[in-house]
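Take a look at the structure below.
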Number of protein chains: 2
Amino acid sequence: MQSVDSPANPVSTVDTAFEILELIHANEGATLLSLADDLDLAKSTIHRHLQTLLHRQYIVRDGDQYYLSLRFLEFGRQAQTRKKGYPMVEEKVKELAEETGERVQFIVEEHGQAVYVYRETGSHAVQTDPGIGKRIPIHTTSAGKAILAHLEEDYVEQIFDHYGLAALTDFTETDEDALFEEFERIRDRGYSINEQENVEGLHALGTTVHDEHGDVLGAISISGPSHRMKGKLFEEELPNLLLGTANEVELNIVHS
Amino acid sequence: MQSVDSPANPVSTVDTAFEILELIHANEGATLLSLADDLDLAKSTIHRHLQTLLHRQYIVRDGDQYYLSLRFLEFGRQAQTRKKGYPMVEEKVKELAEETGERVQFIVEEHGQAVYVYRETGSHAVQTDPGIGKRIPIHTTSAGKAILAHLEEDYVEQIFDHYGLAALTDFTETDEDALFEEFERIRDRGYSINEQENVEGLHALGTTVHDEHGDVLGAISISGPSHRMKGKLFEEELPNLLLGTANEVELNIVHS
DNA sequence: TTCAAGGTTCCGCATACTCGAATACATACT
DNA sequence: AGTATGTATTCGAGTATGCGGAACCTTGAA
């Protein structure tokens, strides 16, 4: 994770601006006054910031509410399609969702967290969608574990040190040594398994996608309700489909 | 358009930060030095800014290149789904694309420009996709014209004054009076027509979607190559489909 | 008519942003 | 090996500029 540590002297004004944006995001809209209250800054200060952001078109105003603008979508889309492999993954994610009928996702590691980059929910998929772009603790997802298993150990330890190992359900693995052992099994097996470590009643399988240099791009996962995800399907058929898809993607990436 | 005029005294440090982000976006990645050159700022200044943005996870670093992070995707998605009507439109856009086989888009007016919010490219749609989130002059698209036809005239004039009336092709209408007359016809007819005003060889139809208070949410458009988009299809069948879809969406929005 | 909630403007002061030079680290070329 | 080039990082000083606070404005509800 790049730059875990706070910079020696950050540009605090920029910090303030993003704190404003993050608050607007968290509350899905905010007023000048509520921002001044929450951030303990003078109204006039917030006002100046909002005017600046408004002028640069990063926020929009509707009456006395300020909202994030669609400008961010443009930035986000660039991040989402930055590496040439990403769009190729997207296609395959769709295909896999159609084939299996379950929810298929593509997750990328960024700043030590798992970020949802693509998702396709097959015909009978469940609805527990953390939105695209959302970030969650990386050790709690099948795709995240698959990624960790293929990153440098030093880096993984940095991540754990920085974020800790939170438990999202009773089944979340929070022991560091156990995780590192699991990573070994994941490398051997080729894919990772998640049984309710993230959401109760949800099972998932994940496997990494590598770029032409062998670096990890991210990981694809298939997830569905525990009662469906079991037996031969969960232990053989889906893993094979998943690994096959990852393989196809990697072939596409190399030959392009 | 809210706040056309520059604020009296903007927070210039915030301006700097976003100029950095916009440069990274424009160049799809940048180095510290290139940023310092382009912005005429000291290396150390850029460095401090980058460190701040890195720490807040708005950019990522790969070697000596800095890129926009997926964080913006989260912000962008919020903007994209902010109004409850948007997701409903998305569904219908997909349906319409499937039915017609052409490219169907949903466009919203923001800060006086047309922003692409959703797109579905039907089976035999052409590939001239300005990305989702991209902004273009609003008077050059069918959807944009439909929106303008339903906004307050004062506001529309403000937009024209601010951005001017650029021509994207030889067919772009750049005469203000002619546009206002066209808006009247659009209101009468219920939908707008675009014949190569935006991209050579591309025809399109657009119509607005209103929310429960009658305010304009945005507009849906169907577009395709001129050789296909003509005759009865272009003058009757597609307009009817389009208007029907817009109507369905509005009914959904009211009853929810 | 007043009050409250929201936004806007203005000015003086001290903070903190910017600069520039020095340092460091790779990689590539000779 | 040695030099050059492109890159990032650190530090101290000076001053531009961001911040606070008070006054003012608007709107809508009591």
Side-chain angles (χ1 to χ4, degrees), chain A residues 1-24 27-56 58-69 111 152 213, chain B residues 1-24 27-69 111 152 154 213:
Chain A
M1 205 172 15
Q2 34 207 351
S3 85
V4 176
D5 16 282
S6 310
N9 34 0
V11 187
S12 52
T13 309
V14 175
D15 269 324
T16 306
F18 279 104
E19 263 158 34
I20 290 174
L21 291 171
E22 286 170 24
L23 258 175
I24 295 178
N27 303 329
E28 302 188 37
T31 66
L32 187 155
L33 225 51
S34 77
L35 291 167
D37 274 359
D38 291 351
L39 294 176
D40 248 313
L41 289 170
K43 280 196 297 177
S44 52
T45 304
I46 301 289
H47 180 251
R48 248 156 52 86
H49 273 274
L50 289 176
Q51 289 305 317
T52 306
L53 292 171
L54 222 32
H55 181 245
R56 289 200 94 82
Y58 289 99
I59 57 177
V60 292
R61 182 175 175 176
D62 186 2
D64 49 22
Q65 288 288 311
Y66 294 87
Y67 301 99
L68 299 181
S69 88
H111 286 285
E152 308 222 347
H213 310 107
Chain B
M1 207 172 14
Q2 35 205 353
S3 84
V4 175
D5 16 282
S6 310
N9 36 357
V11 187
S12 53
T13 310
V14 175
D15 268 325
T16 305
F18 279 104
E19 265 159 33
I20 291 174
L21 291 171
E22 286 169 25
L23 259 175
I24 295 178
N27 303 329
E28 303 188 37
T31 66
L32 188 155
L33 226 52
S34 77
L35 291 168
D37 275 359
D38 291 352
L39 294 177
D40 248 311
L41 290 171
K43 281 194 297 177
S44 50
T45 304
I46 301 290
H47 180 249
R48 243 156 56 87
H49 273 273
L50 289 176
Q51 289 306 316
T52 306
L53 291 170
L54 222 32
H55 181 245
R56 289 200 93 83
Q57 311 192 344
Y58 289 99
I59 56 178
V60 293
R61 182 176 174 176
D62 185 2
D64 49 22
Q65 289 287 312
Y66 295 87
Y67 301 99
L68 299 181
S69 88
H111 286 285
E152 309 222 346
D154 286 6
H213 310 107

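Letters A, B, ... are given to chains in the order of the sequence lines, protein chains preceding strands, and every chain is numbered from 1.
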Legend entry - Those residues that, when tested against Asn27(B), pass side chain to side chain contact (heavy atoms under 4.5 Å, CB included) (two or more places apart): Leu23(B), Asp38(B)
Legend entry - Interatomic distance, Leu32(B) CG vs dA24(C) C1' [rounded to whole Å]: 14 Å
Legend entry - Per-nucleotide protein contact string for nucleotides 17-27 of chain D (B base, S sugar-phosphate only, - none; heavy atom under 4.0 Å): SBBBB------
Legend entry - Test item: Thr13(A) and His49(A) side chains (from C-beta on) under 4.5 Å apart, heavy atoms: yes
Legend entry - Qualifying residues under side chain to side chain donor-acceptor pair (under 3.5 Å), relative to Ser44(A), sequence neighbours excluded: none
Legend entry - Under 4.0 angstrom between His47(B) side-chain N/O and dT9(D) OP1 or OP2: yes
Inset, instruction - Mind calculating the distance between CD (Gln51(B)) and P (dC11(D)) to the nearest angstrom? - result: 13 Å
Legend entry - Pairing residues for Glu22(A) by the salt bridge (Lys or Arg N to Asp or Glu O under 4.0 Å) criterion, not counting sequence neighbours: Arg56(B), Arg71(B)
Inset, instruction - Mind calculating the distance between CD1 (Ile46(B)) and P (dT7(D)) to the nearest angstrom? - result: 13 Å
Inset, instruction - Please list, chain by chain and in numerical order, all residues satisfying side chain to side chain donor-acceptor pair (under 3.5 Å) with Thr16(A), sequence neighbours excluded. - result: none
Inset, instruction - In whole angstrom, give the distance that lies between atom CG of Leu33(A) and atom C1' of dT8(C). - result: 12 Å
Legend entry - Any Arg61(A) side-chain N or O less than 4.0 Å from OP1/OP2 of dT8(C): yes
Legend entry - Residue list, ring pair (Phe, Tyr, Trp, His ring centres under 6.0 Å) with Phe18(B), at least two apart or on another chain: Phe18(A), Tyr58(A)
Legend entry - Spacing of Gln65(B) atom CD relative to dA26(C) atom C1', expressed in whole Å: 15 Å
Legend entry - d(CD1, Ile20(B); P, dT18(C)) in whole Å: 8 Å
Inset, instruction - Round to the nearest Å and state the distance from Leu53(A) atom CG to dG7(C) atom P. - result: 14 Å
Inset, instruction - Please state how far atom OH in Tyr66(B) lies from atom P in dG6(D), giving the value in whole angstrom units. - result: 17 Å
